[in-house]
Amino acid sequence: MKNPSEISLSHKARPLNQYPLYWAECFGTAPFLPVSRDEMDQLGWDSCDIIIVTGDAYVDHPSFGMAIIGRLLEAQGFRVGIIDQPDWHSADPFRALGKPNLFFGVSAGNMDSMINRYTADRKIRSDDAYSPDDVGGKRPDRCSVVYSQRCREAYSDVPIVVGGIEASLRRIAHYDYWQDKVRRSILADAKADLLLYGNAERAIVEIAHRLAKGDDISAITDIRGSAFFIKDIPEDWQILDSTNVEKPGRLEKRISPYEIIDQDACDSGQDAADKAQPKKQVEITFTGKLEKLQYKLKQRLKTVIRLPSFDDVNRDPVLYAHANRVLHLETNPGNARALVQNQGGQKIWFNPPPIPLTTEEMDYVFSFNYARVPHPMYKKARIPAYEMIRFSVNIMRGCFGGCTFCSITEHEGRVIQSRSEESIIREIELIRDKVPGFTGVISDLGGPTANMYKLRCKSPKAEQACRRLSCVWPEICGHLDTDQTPTVNLYRKAREVEGVKKVLIASGVRYDLAIEDPNYVKELVTHHVGGYLKIAPEHTEKAPLDKMMKPGMGTYDKFKEMFDKYTKEAGKDQYLIPYFISAHPCTEDMDMVNLALWLKERNFKLDEVQNYYTSPMANATAMYHTGKNPIHKVNHKSEDVEVPKGEIHRRLHRAFLRYHDPANWPILRKTLKEMGKAHLIGNSPKCLVPAESRNELKGRDQKEFAKRSGNKAFAKGKTANAVTAQKGLTM
């Protein structure tokens, strides 16, 4: 097995545009990547080198993963076909383009398929923004798993590489909200050959060229951002138990979580067997700070951290939270080590995260000949996700915010990868000249966060060694460059493009960063707000905000003050629209009462509200599942996190966000009385909900009487004769 960490600390990587082109580059560029044999024939192809199977409709636009990966591989000289949203009930649709010469690339699409298909209340959705005409049901549950199995059924000898956000978030043993249990890595369920996590441009190009040269897929073990099965840990590697990275404390009176032998699953027993066998591998423990420092400097490149096995994290919530924390500590490309986890008797190896793309490489990825519209096979069908982004420009990737409920960091990483101004302006001009329906308004210049463009650590040495989960929480790191002048300059140049009337900013603004640079706030408010600016304080109370890793409301107040000041100076009517999350871990009923009172005091009546959604591998999901806080060291004695669970409790918290909805008044009144807060029920301005009106009282009395008497006719407003008859009276 090759060393996957040779470039771990050097940050050297082969540039994407410096590979020799594959021979098929002679076919040139396709107007759309083919989705049928007929289109292949028109291009003169007898076969595809690579076939991408995706759960999204095929939109040839750089906001869609299949388009970026497909066009990137095309630029390397490969013939790439697309199978979009195939009928998964048989393998026949997966044979539509024939047998790929190199591999199948499988992705659920731009979203995890379970989040795409189900609401936060586990109700199946009837819509799908990534499907034609917003029709739901075009993809299966656990899309990547099903597609991979069908690809294997279609052509058993073709390698399968699974990637995308679903693969990223489910790469280790993870809690699944929809089944309310811990599931194995998606690699084990999909039975794919390789899993790629994060933005996979580097990895997919390297894999394609090596397979084209004749390498066996099983021999490709040294690519960063990849995961695969191994039989044994190589003898020249040091093994470091995760409990030596951070000790989780007493574990149910066990000396080590690796000494349990489960006769049914036997995966922990495999770990124990590894320890028992006399190998050259060294189990590392630290006796002092000096020894630990020497280890970090000399041995890090050839060290693999052994996470608690699937059986252990499934059995012990503390070990689950511990494993989740260790994984997040090992996500800095500058110092991350390889990981290994035993799952059902099989070991899955996780190489360190991919090296971020340089600005030149980002420009290269966004420079391809994207059609920028959906494939013509959809005709006039509307694809809502495309409608949302067709006049927008993605200017950067990554997010160093680290919000615990968010999956951006787990997928794209904390290092910001930015495009050049020239590349962005060129794309704006392409939108102007190429995209049907353009009226002169760019709907967004952004990415995961609107105002992190070109921001990064001022100290390369500190950045390489950093193990913080967030650069801006609990306060902004002193090493972080918060000068947003590059963003301001970009906005100004974008406004000057001929034919552009307005440039809006629709991506979320990180307002704790914004207030560090008043010039940015002034530029944003004066020129780039279309009447309303949506921002996400998420809550008003300290306890849930701390568990979200979000700033306090004092920061929001400062931003609002600046927003109002510059709005007034510009002579405009503009408003902030805040977003909030209900039922987040560590949110108590009183927290929701205070949030509702804050909303009412400011006359906010929210139409769009979000109950907390447990996305795989997020830190808040670990809190939800385990009741422990992985932001800090985890053990059995560490802080317990109260979690609002159950449909009724979650609905109650959501009802507080919509305190103004009469449908929510009965449950809010009942809860406020039980909490001893009946003074918040009434008709004064300080009350949260009004007292029951005469009509409500009358209706309630009638329903209660009907319920007691069993007279359904009364409850439906039937005649008085029916009422007296039910009472046993005579007329």
Side-chain angles (χ1 to χ4, degrees), residues 16 59 61-65 67-68 71-72 110 198-199 201 356-368 370 372 385-386 388-401 406 408-409 411-432 434-435 438 440-456 471-472 480-497 499-500 502-511 513-514 516-517 519-521 523-525 527-530 533-535:
L16 288 177
V59 180
H61 187 284
S63 290
F64 285 73
I68 284 186
R71 290 298 189 180
L72 172 63
N110 278 15
N199 293 120
E201 287 94 346
L357 299 186
T358 64
T359 295
E360 292 74 19
E361 288 174 312
M362 285 285 286
D363 290 354
Y364 173 66
V365 166
F366 282 86
S367 70
F368 305 135
Y370 300 101
R372 308 195 69 85
Y386 167 69
M388 184 181 299
I389 56 83
R390 65 174 175 159
F391 302 129
S392 69
V393 180
N394 192 328
I395 65 174
M396 46 76 69
R397 286 181 184 169
C399 180
F400 48 68
C406 181
I408 293 172
T409 299
H411 180 56
E412 296 195 356
R414 294 182 178 85
V415 178
I416 302 303
Q417 302 160 72
S418 301
R419 298 168 62 185
S420 69
E421 286 184 353
E422 294 76 17
S423 172
I424 295 165
I425 298 302
R426 194 178 310 120
E427 184 169 355
I428 293 174
E429 292 170 343
L430 279 173
I431 292 173
R432 177 196 64 194
K434 194 172 182 178
V435 179
F438 182 63
V441 178
I442 297 296
S443 60
D444 188 25
L445 288 183
T449 305
N451 57 323
M452 288 187 183
Y453 178 67
K454 290 194 175 180
L455 298 189
R456 65 176 306 155
C471 298
V472 291
L480 181 64
D481 180 7
T482 59
D483 179 11
Q484 289 155 83
T485 300
T487 311
V488 172
N489 292 338
L490 173 63
Y491 289 179
R492 290 172 178 169
K493 290 184 179 180
R495 293 202 312 272
E496 294 171 358
V497 173
V500 172
K502 183 81 172 178
V503 177
L504 299 175
I505 304 302
S507 296
V509 174
R510 187 83 192 198
Y511 55 87
L513 280 175
E516 295 291 312
D517 191 342
N519 288 331
Y520 171 77
V521 181
E523 178 73 17
L524 173 72
V525 173
H527 298 287
H528 301 283
V529 175
L533 180 67
K534 297 178 180 180
I535 60 172

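- For the atom pair Leu16 CG and Thr358 OG1, the distance stands at 7.5 Å (nearest 0.5 Å).
- The shortest side-chain heavy-atom distance between Glu361 and Val365 does not fall under the 4.5 Å cut-off.
- The line from CE of Met452 to CZ of Arg414 is 11.5 Å long, rounded to the nearest 0.5 Å.
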- Check against side-chain contact (heavy atoms from CB on, under 4.5 Å), Thr487 and Lys454: CA-CA 8 Å; Thr487 311; Lys454 290 194 175 180; over 6 Å; no
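- Separating the CG atom in Leu524 from the CG atom in Leu533 is a distance of 5.5 Å, to the nearest 0.5 Å.
- The structure places CD1 of Ile389 at 4.0 Å from OG of Ser63, a figure rounded to the nearest 0.5 Å.
- Judged by distance alone, the side chain of Ser392 and the main-chain N or O of Ser443 form no donor-acceptor pair under 3.5 Å.
- Pairing each heavy atom of Ala494 with each of Ile428, the nearest pair is CB-CD1, 3.7 Å.
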- Item | Check against side-chain contact (heavy atoms from CB on, under 4.5 Å), Glu421 and Lys493 | CA-CA 8 Å; Glu421 286 184 353; Lys493 290 184 179 180; 2.4 Å; yes
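- In terms of modelled atom types and a separation under 3.5 Å, the side chain of Asp363 and the main chain of Ser420 share a donor-acceptor contact.
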- Task: Walk me through it: do Asp444 and Ser507 pass the test side chain to side chain donor-acceptor pair (under 3.5 Å)?
- Result: CA-CA 7 Å; Asp444 188 25; Ser507 296; 2.5 Å; yes
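- Within the 4.5 Å cutoff, no side-chain heavy atoms of Ile442 are placed close to those of Lys502.
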- Trace of the side chain to side chain donor-acceptor pair (under 3.5 Å) decision for Arg492 with His527: CA-CA 9 Å; Arg492 290 172 178 169; His527 298 287; over 6 Å; no
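- Looking only at side-chain heavy atoms (C-beta outward), Asp517 and Thr482 stay at 4.5 Å or farther from each other.
- Judged by distance alone, with hydrogens and angles left aside, the side-chain atoms of His528 form no donor-acceptor pair with the main-chain N or O of Leu504 at under 3.5 Å.
- One finds the CD1 atom of Ile68 at 8.0 Å from the CG atom of Asn199 (value rounded to the nearest 0.5 Å).
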- Message: Applying salt bridge (charged side-chain N to carboxylate O under 4.0 Å, His left out) to Glu427 and Arg419, what does each step give before you reach the verdict?
- Response: CA-CA 11 Å; Glu427 184 169 355; Arg419 298 168 62 185; 2.6 Å; yes
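- With a 4.5 Å cut-off on side-chain heavy atoms, Val521 and Tyr511 do not count as touching.
- With a 4.5 Å cut-off on side-chain heavy atoms, Arg397 and Met362 count as touching.
- Between Arg426 and Ile424, every side-chain heavy-atom pair lies at or beyond the 4.5 Å cut-off.
- A donor-acceptor contact shorter than 3.5 Å is absent between the side chain of Ser418 and the backbone of Tyr453.
- For the residue pair Phe391 and Val441, the shortest heavy atom distance occurs at CB-O, 3.7 Å.
- Side chain of Asn519 to backbone of Val488: no donor-acceptor contact under 3.5 angstrom is found.
- Smallest separation of non-hydrogen atoms from Thr409 and Cys399: OG1-O, 3.1 Å.
- Interatomic distance, Ile505 CD1 to Lys534 NZ, rounded to the nearest 0.5 Å: 14.5 Å.
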- side-chain contact (heavy atoms from CB on, under 4.5 Å) assessment of Arg432 paired with Val500: CA-CA 8 Å; Arg432 177 196 64 194; Val500 172; 5.5 Å; no
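- Counting only heavy atoms from C-beta outward, the side chains of Leu480 and Phe400 approach each other to under 4.5 Å.
- Between the side chain of Tyr370 and the backbone N or O of Val59, no donor-acceptor pair lies under 3.5 Å.
- Considering only heavy atoms from C-beta on, Tyr520 stays 4.5 Å or farther from Leu513 through its side chain.
- For the residue pair His61 and Ala67, the shortest heavy atom distance occurs at O-CB, 3.3 Å.
- A distance below 6.0 Å separates the ring centres of Phe368 and Tyr364.
- Under the 3.5 Å distance criterion, the side-chain polar atoms of Asn394 are matched with a main-chain donor or acceptor of Met396.
- No donor-acceptor pair under 3.5 Å is formed between the side chain of Glu516 and the backbone N or O of Asp481.
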- Task: Begin from the C-alpha positions of Leu445 and Tyr491 and carry the test side-chain contact (heavy atoms from CB on, under 4.5 Å) through to its verdict.
- Result: CA-CA 8 Å; Leu445 288 183; Tyr491 289 179; 4.2 Å; yes
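- The nearest pair of heavy atoms linking Phe438 to Gly499 is CE2-O, 3.9 Å.
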